[in-house]
Visitor: 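Here it is: the structure, laid out below.
Atoms within each ligand, like the ligands themselves, are counted from 1 in listed order. We use all heavy atoms of the structure for the numbers below, so side chains are in, but hydrogens, waters and symmetry mates are not.
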Amino acid sequence: MSAASHDTTGLSTGHVETGAEEAPVALRGVGVGRGVAIGPALRMPDPIPEPRDEVSRRAPDEEAERARTALAATADELRTRGAVAGGTGGEILDALAMMADDPSLLADVESRAAAGATAEYAVHAAFGAFRDMLAGLGGYMGERAGDLDDVSRRVVARIMGLPTPGVPESDRPFVLVARDLAPADTAMLDLDQVLALVTSDGGPTSHTAILAREKGITAIVGVTGAEAIRAGELVLVDAALGLVTVHPDDATVSAARSREAARIAARSHAEGPGRLADGHAVPLLANIGSLESAREAVARGAEGVGLFRTEVLFLDAENAPSVADQQRQYREVFQLFPQRKVVVRVLDAGADKPLAFLTDQNEENPALGRRGLRALAAHEHVLRDQLTALAAAAAESEAEVQVMAPMVSTAGEAHYFRELAHEHGIATAGVMVEVPSCAILADHVAPKVDFMSIGTNDLTQYTFAADRLLGTVAGFQDPWHPAVLRLIQLVGRAGAENQVPVGICGEAAADPLLAVVLVGLGATSLSMSPSSIADVRAELALRTLDDARRLAALAVSAESAETARQAVIDATAASA
Ligand code: PEP
Ligand code: MG
């Protein structure tokens, strides 16, 4: 929850009817951020019924026209909403509008209508076939499959004269309860209306959680029992505790009120560089992937950049970008950070982020394929060009540019990358630790690099052999798990023993309490989406290095992610 000037929590609006007759019910999930909110629940509407495969009684032309009109109107609506939303939300909505406008999909719909299908079935079947094809490709394309379902449902609802699926409208602010949210819904949430989000599906790195974090919405995902929350019931959402209380009593509400007031006060007092209560410095850096996000990082007080995802700039490129083109784009970013650290990740191609000029499209299992540094080493000229462009752009700015390699799995690869970077005149070169082998061998890797940066998203995915993009295994994607924390501990120790800095640049660093644990495990800097910096800064300011180490010890000795998180929440609540 952002410390907005107007109340967006429902907490400070005076008296709240706490519905004294019904006993409070506590439900647990994974909190996103530290916010607290209270309000009546509203549920996402029931999904629209699946159109039946039946022969139409209308003329084929008439069915085709119904489908065309609905597709065009849906594209228009998405585009208009995209223009209003702007930013990431706007981009997502524009991408959905393009799906509704897609000529090959329209041709498929028309041919199904010509064969006698109803308009709604023709749309449903054509989008479904395309969705299956994309899902079969896996990775980034596979992730777009869910977006097609989203567009298809909107078009079908329009044809059938049903309300548009999505966030309900209300004349007073509410807590939105859903199984999960489609990307378009999360992107478009009206922050003056939606006090908080509660979902029964999804993990801490689900699309919903990432967008909620980016937009500063109080959210708890993966809430067991959320299906039973009824519209109109009063719910208290406490993201810091990962706790949803249905029918909270007065005492619970006033305790939450004071905690939220303390949090907002802590945020407004905690300014400047990240540091612990004892003065121990923990630089707070930003994860960026574009010039726009770099500007946001500056606006949100980032002390520099801990992860510049350069592959994001070239996702649509057919051929490797020229040195001059790269140099120009990097320079624009570097110039925003004079005398600040900017850690650039060289192209991380593969799996969910294929690059046409680096990725082998025929791999059966791209997440385990020739990706990241492996792909760059196989196309060394691309890596050399990028290092040349980075060195030249660095020379044209006052940023302290460092480079790091993704998907490093051996000490040999680490050595190879540092040598190459030094050869190109970049003095500080490190590796991302996101493959378990690299963490296990951290004592051998550390002496070969200038720094290490732990990518907790992939480290978690590979530790659990659970695809980070796949909803059905989202429950494993939790960096609080001691299996992940113990790997991080190995890296922290190796870093300390070799005087090699250890950053964190996965989503884990954006979780304020986990950020404290990570510092306790040896992290020397934290990099995150810019919107999370204020809450992380405030939380760090409350804890000493001894506290952080004590909390880390509790977390690593727990048996599961849930018990690790709970042990730390309990320990911090006891000391509050
Ligand atoms: C990570 O894996 O944690 C990471 C920061 O890299 P990305 O999310 O870009 O794969
Ligand atoms: Mg990664």
Visitor: Under 30°, 30 to 60°, or over 60°: which ring-plane class applies to F464 and F476, parallel, tilted or perpendicular?
Guide: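 Rings of F464 and F476: tilted, 30 to 60°.
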Visitor: Can you spot which of R543, R549, R550 makes a salt bridge (charged side-chain N to carboxylate O under 4.0 Å, His left out) with D547?
Guide: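 With D547 as partner, salt bridge (charged side-chain N to carboxylate O under 4.0 Å, His left out) holds for just one option, R550.
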Visitor: Relative to the Mg ion (ligand 2), which of the N, O or S atoms in D458 is the closest?
Guide: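 The nearest such atom is OD2.
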Visitor: Taking 4.0 angstrom as the limit and counting only heavy atoms of G506, give me the atoms of ligand 1 inside it, by number and element.
Guide: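 It comes down to these atoms of ligand 1: 3 (O), 5 (C).
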Visitor: Do E311 and ligand 1 have an N or O pair less than 3.5 Å apart?
Guide: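 Looking only at distances, the answer is no, because the N/O contact criterion of under 3.5 Å is not met.
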Visitor: Which protein heavy atom lies closest to atom 7 (P) of ligand 1, and at what distance to 0.1 Å?
Guide: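 In this structure, atom 7 (P) of ligand 1 has R309 NH2, 3.5 Å as its nearest protein heavy atom.
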Visitor: Check the pair L284 / V536 against side chain to side chain contact (heavy atoms under 4.5 Å, CB included), numbers first and verdict last.
Guide: CA-CA 8 Å; L284 299 176; V536 172; 4.0 Å; yes
Visitor: Strictly below 4.0 Å, N to O, side chains only: are R213 and D511 in salt-bridge contact?
Guide: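 Looking at D511 together with R213, the answer is no, because their closest N to O distance does not fall below 4.0 Å.
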Visitor: Are the side chain of S557 and the backbone N or O of L554 linked by a donor-acceptor pair below 3.5 Å?
Guide: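 Yes: the side chain of S557 pairs with the backbone of L554.
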Visitor: Using a strict cut-off of 4.0 Å, indicate which atoms of ligand 1 neighbour a heavy atom of C505.
Guide: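 Near C505, the atoms of ligand 1 are 5 (C).
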Visitor: Can a side-chain donor-acceptor contact be found between Q386 and T310 if the only test is distance below 3.5 angstrom?
Guide: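 The criterion, which ignores hydrogens and geometry beyond distance, is satisfied for Q386 and T310.
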Visitor: Can we say E332 and R328 salt-bridge, meaning some charged N sits less than 4.0 Å from an Asp/Glu carboxylate O?
Guide: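 The answer is yes: the pair qualifies as a salt bridge.
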Visitor: R468: heavy atom below 4.0 Å from ligand 1, yes or no?
Guide: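 Distance cut 4.0 Å: R468 passes for ligand 1.
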Visitor: Need the ligand 1 atom indices (1-based, order shown) with element for anything under 4.0 Å from a heavy-atom of K353.
Guide: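 Going through ligand 1 atom by atom, the ones under 4.0 Å from K353 are 7 (P), 9 (O), 10 (O).
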Visitor: Taking heavy atoms and a distance under 4.0 Å, where does E507 meet ligand 1: side chain, backbone, both or neither?
Guide: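 Neither part.
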Visitor: Go through ligand 1 atom by atom and flag the ones less than 4.0 Å from a non-hydrogen atom of L307.
Guide: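 Within the 4.0 Å cut-off of L307, ligand 1 contributes 5 (C).
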Visitor: Check the side chains of Q327 and E396 for a donor-acceptor pair under 3.5 angstrom, ignoring hydrogens and angles.
Guide: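 On atom types as modelled, these side chains qualify, holding a pair under 3.5 Å.
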Visitor: For side chain to side chain donor-acceptor pair (under 3.5 Å), just list the numbers for H424 and D385, CA-CA rounded to whole Å, side-chain angles, deciding distance to a tenth of an Å, and then say yes or no.
Guide: CA-CA 10 Å; H424 284 77; D385 277 359; over 6 Å; no
Visitor: Looking only at protein heavy atoms, which one is nearest to atom 6 (O) of ligand 1, and how far off is it?
Guide: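 Scanning the protein heavy atoms, the shortest distance from atom 6 (O) of ligand 1 goes to R345 NH1, 3.0 Å.
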Visitor: Taking the N/O/S atoms of E434 one by one, which is nearest to the Mg ion (ligand 2)?
Guide: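 Result: OE1.
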Visitor: Need the ligand 1 atom indices (1-based, order shown) with element for anything under 4.0 Å from a heavy-atom of M432.
Guide: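 It comes down to these atoms of ligand 1: 4 (C), 5 (C), 6 (O).
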Visitor: Determine, using heavy atoms of Q461 and all atoms of ligand 1, whether some pair is separated by less than 4.0 Å.
Guide: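 It does not; every heavy atom stays at 4.0 Å or beyond.
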